[in-house]
2 protein chains.
Amino acid sequence: MNLSATEEQLMNFIWEKETAFMKDILEAYPEPKPAPTTIATLLKRLTDKGALGFKTFGNSREYFPLYSKSEYFSGKVNNLIKNFFNDSPSQFASFFTKETNLNQEQLESLKSIIEDQIKSKKP
Amino acid sequence: MNLSATEEQLMNFIWEKETAFMKDILEAYPEPKPAPTTIATLLKRLTDKGALGFKTFGNSREYFPLYSKSEYFSGKVNNLIKNFFNDSPSQFASFFTKETNLNQEQLESLKSIIEDQIKSKKP
DNA sequence: TTATTTATTCTACATTTGTAGAATAAATTC
DNA sequence: GAATTTATTCTACAAATGTAGAATAAATAA
């Protein structure tokens with residue numbers, strides 16, 4: 001379940017589009033585009049890693065993610081929390097709000113998200 | 001400023017202890033400990049990368065971090081935010097609170113952290 | 001003071017990653 | 001139907017990573 005930087009980038013595109021053909025991916029890359037074989041290699045590696053599945057159409061494939069962005073990402077965050085914050089999410093949260101420079105509005109919206117969470121957890 | 005998994009682990013130890021000698025580090029590793037040369041290699045790589053400095057004492061060195069855990073970590077988080085949340089910290093925050101399973105108490109404490117932040121930002 | 005331990009560097013080697021050419025096969029265009 | 005384009009696989013190769021032995025130098029113990 002661990003992806004490298006370029007693999008993440010590619011997955012991110014497929015997560016957003018839901019499914020993608022090789023050519024969609026190549027199109028999406030900004031200039032200077034990588035060689036098509038570079039993309040092909042990444043697709044193969046991701047398929048081998050179990051991150052992507054595909055459905056064959058003629059001589060090409062429609063790729064789709066085998067796990068969601070949330071699944072992948074929550075693994076990553078939890079890993080960060082474990083490694084850097086002694087397994088304490090609240091310690092992380094505190095760090096997070098201090099370090100990421102949320103503006104007034106963002107803080108307010110975060111606050112109401114948390115309030116909702118609190119409510120939804122009340123018995 | 002980019003560290004690999006094992007490098008992070010080592011840095012984490014030094015960040016906590018503030019400074020450390022080779023032997024402190026080796027001691028801290030749980031069984032089965034890595035070979036001392038493995039640690040030595042990591043220390044050298046981290047020094048070359050500019051993550052660690054040292055002060056020589058006889059034939060050994062007292063290593064210390066050249067940047068703080070916060071500095072390093074906020075770079076990492078901001079990177080995550082950029083890559084996965086379209087550069088929107090609040091989108092990330094929302095995801096975070098939903099995915100990391102904070103309990104009632106942790107949510108409350110996070111809420112008051114945010115309230116403090118809001119207050120401190122009011123003109 | 002010789003033997004031993006310790007810290008460091010150098011060398012090494014397998015694995016993973018970023019990148020892409022060569023080869024091939026299928027599909028499309030002329 | 002021959003020529004070209006497209007998708008995929010195979011091979012390749014440099015850089016980074018995880019791991020550690022050999023060599024060396026300095027410090028310590030016997």
Side-chain angles (χ1 to χ4, degrees), chain A residues 1-14 17 19-66 72 75-76 79-80 82-83, chain B residues 1-14 17 19-66 72 75-76 79-80 82-83:
Chain A
M1 241 251 218
N2 214 33
L3 310 178
S4 76
T6 40
E7 287 168 347
E8 273 183 11
Q9 197 188 357
L10 205 166
M11 284 302 286
N12 217 30
F13 175 75
I14 300 182
K17 304 283 286 182
T19 75
F21 287 89
M22 161 95 177
K23 103 189 152 69
D24 304 323
I25 297 166
L26 198 48
E27 264 166 30
Y29 275 78
E31 232 55 67
K33 290 182 197 302
T37 48
T38 299
I39 304 299
T41 301
L42 292 174
L43 288 171
K44 183 157 191 3
R45 286 182 185 164
L46 285 166
T47 306
D48 292 347
K49 278 189 181 183
L52 290 178
F54 59 80
K55 209 171 130 185
T56 303
F57 284 89
N59 79 330
S60 62
R61 298 167 177 181
E62 187 178 44
Y63 293 92
F64 54 85
L66 291 181
Y72 174 72
K76 257 185 106 81
N79 214 42
L80 277 183
K82 188 183 296 169
N83 281 309
Chain B
M1 243 255 215
N2 215 35
L3 310 178
S4 77
T6 39
E7 286 170 346
E8 273 183 11
Q9 196 188 357
L10 206 165
M11 284 302 287
N12 217 29
F13 175 76
I14 301 182
K17 304 282 287 180
T19 74
F21 288 90
M22 161 96 178
K23 102 188 153 67
D24 305 323
I25 297 167
L26 198 47
E27 265 165 31
Y29 274 78
E31 231 55 68
K33 290 181 196 304
T37 48
T38 299
I39 304 298
T41 301
L42 291 174
L43 288 171
K44 184 158 188 3
R45 287 181 185 165
L46 285 166
T47 306
D48 291 348
K49 278 188 181 183
L52 291 178
F54 59 82
K55 209 171 130 186
T56 303
F57 284 88
N59 80 330
S60 62
R61 298 164 178 183
E62 188 180 43
Y63 293 92
F64 54 85
L66 290 181
Y72 174 72
K76 258 184 105 81
N79 215 42
L80 277 183
K82 189 184 296 172
N83 282 308

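Lettering follows sequence order; numbering is per chain, from 1. Everything numeric in this text was worked out from a predicted model, so none of it was measured. The basis for the numbers below is simple: all heavy atoms, side chains too, and nothing from hydrogens, waters or symmetry mates.
Atom NZ of A:Lys44 is separated from atom C1' of C:dT19 by 17 Å (rounded to the nearest Å). The distance from atom NZ of B:Lys33 to atom P of C:dT6 is 13 Å, rounded to the nearest whole Å. Regarding A:Glu62, its CD atom lies at a distance of 19 Å from the P atom of D:dT6, rounded to whole Å. A straight line from NZ of A:Lys23 to P of D:dT6 spans 10 Å, rounded to a whole angstrom. C:dA26 atom C1' lies 16 Å from atom CZ of A:Phe57, rounded to whole Å. Atoms CD (A:Glu8) and C1' (C:dT16) sit 15 Å apart, rounded to a whole Å. To the nearest angstrom, C1' of C:dG18 lies 11 Å from CD1 of A:Ile39. In this entry the distance linking CG of A:Leu43 with P of D:dA7 reads 11 Å, nearest Å.
Closest approach to the B:Ala40 side chain among D:dA7, D:dG18, C:dT9 is made by C:dT9 (side chain taken as heavy atoms from C-beta onward). Side-chain proximity of A:Leu42 to the nucleotides C:dA7, C:dT8, C:dT19 is greatest for C:dT19.
Judged by distance alone, with hydrogens and angles left aside, the side-chain atoms of A:Lys17 form no donor-acceptor pair with the main-chain N or O of A:Phe13 at under 3.5 Å.
Below the 3.5 angstrom threshold, one finds a donor paired with an acceptor across the side chain of B:Thr37 and the base of D:dG21. For A:Arg45 and C:dT19, a side-chain-to-base donor-acceptor distance below 3.5 Å is present, hydrogens and geometry of angles not being considered. With hydrogens and angles ignored, a donor-acceptor pair under 3.5 angstrom links the side chain of B:Thr41 to the base of D:dA20.
Look at A:Arg61 and you won't find any side-chain N or O under 4.0 angstrom from OP1 or OP2 of D:dA7. Distances shown here put a side-chain N or O of A:Thr38 below 4.0 Å from the OP1 or OP2 atom of C:dA20. In this structure, B:Tyr63 does not reach the C:dA7 phosphate: none of its side-chain N or O atoms is under 4.0 Å from OP1 or OP2.
Rounding to the nearest 0.5 angstrom, the gap separating the CG atom in A:Leu26 from the CZ atom in A:Phe21 is 14.5 Å.
The two residues B:Ile39 and B:Met22 come nearest to each other via the heavy atoms CG2-SD, 4.2 Å. Counting all heavy atoms, side chain and backbone alike, B:Leu3 lies closest to B:Ala51 at CD2-CB, 4.3 Å. Nearest heavy-atom pair across A:Glu27 and A:Lys33 is O-NZ, 2.9 Å.
If you check every strand for non-hydrogen atoms under 4.0 Å, B:Ala35 touches sugar and phosphate atoms only.
Between B:Asp24 and B:Ile14, the closest side-chain pair of non-hydrogen atoms is not below 4.5 Å.
Within 6.0 Å of atom NZ in A:Lys49, more than 12 heavy atoms from other residues, nucleotides or ligands are found, so the atom counts as buried in its surroundings.
Residues from residues 47-56 of chain B with heavy atoms under 4.0 angstrom of DNA chain D, sorted by number: B:Lys49.
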